[in-house]
Every structure is written in C-alpha cells, then in structure tokens.
Amino acid sequence: MDQFMTSSSYVADLLIPVILCILLIFLIVFVYRLCVLVKRFEKTIDKAEHSIDLVDKSIEKLQAPLSTAVKLSETVDKVHDAGVVAFKQSRDYLVKNSKAIKDKLSSMSFKKNKKAETQVGDIRDELKNNKEV
C-alpha cells in the first residue's frame, strides 16, 4: 500500500503541472472570448442607441400630424354634439308647438287651394272668352 501511495504521489506530481497548464489554456480562451463578447456587446449597444435616436426623431416628426388629427377629431366631436343638441331642441320645439304648426300648415294649404281654384276659374273664363270670339 505504501508503494501505491508513492507511485500515486509521483503520478500526481507529474500530472498536476499538465492539468494546471490545460486549465490555464482554458482560462485564457475563456477570457479572450469574454473580451470579444464585451466588444460585440458595446457595438450592439451603440447600434441600439443610434436606432433609438432615429426612432425619437421619427416620433418628433409624427407629433405635428398627430396633433392635427387630434384637433380635427375634437372639432368633429364638437360638431356632432352641436348637431345632437340642435336636433333635440328642434324636436322639443316641434312637440311643444305641434298644434300651432299644424294649424298654420292647414291654413297655408287652404289658401293655396283657394288661390289655385281662383286661377283655374280665371283660366276657364279666358278659355270661354276665347271660344266666343
């Protein structure tokens, strides 16, 4: 058993520097790749900042037309509300004064009928006079 320990100690003394060299190489490769990743990340962040700046400029350009659309929408809403109010007031007026309106329309109709009858009578008289001549 003593001999096993001695031989394993000898093997360990030989393998430890080799394993440490391999680990050191892996560590160097890892740090290199980490540096490359950080550089790529910085470039990506720069591109993202540039894109965000472009988006900000585009939003500023779109702000004026959007403001105009909002104002137009508010105007359309006001016109619609005014139309609704006018219709309600007209309806209320017609309901309150329906009898007076009906009387006025029938009297106008009666006058038109009388006027039409008078004109028809005058035309008949003229035709009779023309036939007699």
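All values derive from a computational prediction rather than experimental measurement. Scope of the values below: all heavy atoms of this structure, side chains included, with no hydrogens, waters or symmetry mates.
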Decide yes or no for D46 and E49: does some side-chain heavy atom of the first lie under 4.5 Å from some side-chain heavy atom of the second? yes

Please identify each residue that fulfils side-chain contact (heavy atoms from CB on, under 4.5 Å) with L14, with sequence neighbours left out. Y10

What distance separates S9 OG from F4 CZ, expressed to the nearest 0.5 Å? 11.0 Å

If only atom types and distance count, is the side chain of S73 paired as donor or acceptor with the main-chain N or O of A69 below 3.5 Å? no

Measuring from atom CD of Q3 to atom OG1 of T6, what distance do you get when rounded to the nearest 0.5 angstrom? 7.0 Å

Within the distance-only criterion (no hydrogens, no angle test), does the side chain of S90 pair as donor or acceptor with the backbone N or O of A86 below 3.5 angstrom? yes

Could you state the interatomic distance from CG (L20) to CD1 (I25), rounded to the nearest 0.5 Å? 11.5 Å

Do I19 and L23 come close enough that some side-chain heavy atom pair is under 4.5 Å? yes

Should V70 and E74 count as side-chain neighbours, where that means a heavy-atom distance under 4.5 Å? yes

Distance (rounded to the nearest 0.5 Å) between K88 NZ and R91 CZ: 7.0 Å

For residues 54-67, tabulate all N or O donor-acceptor pairs below 3.5 Å that involve a side-chain atom, not counting sequence neighbours.
{"unit_1": "S58", "atom_1": "OG", "unit_2": "L54", "atom_2": "O", "d": "3.0"}
{"unit_1": "S67", "atom_1": "OG", "unit_2": "Q63", "atom_2": "O", "d": "3.0"}

Scanning both residues in full, the closest heavy-atom pair of A12 with P17 reads O-CD, 4.4 Å

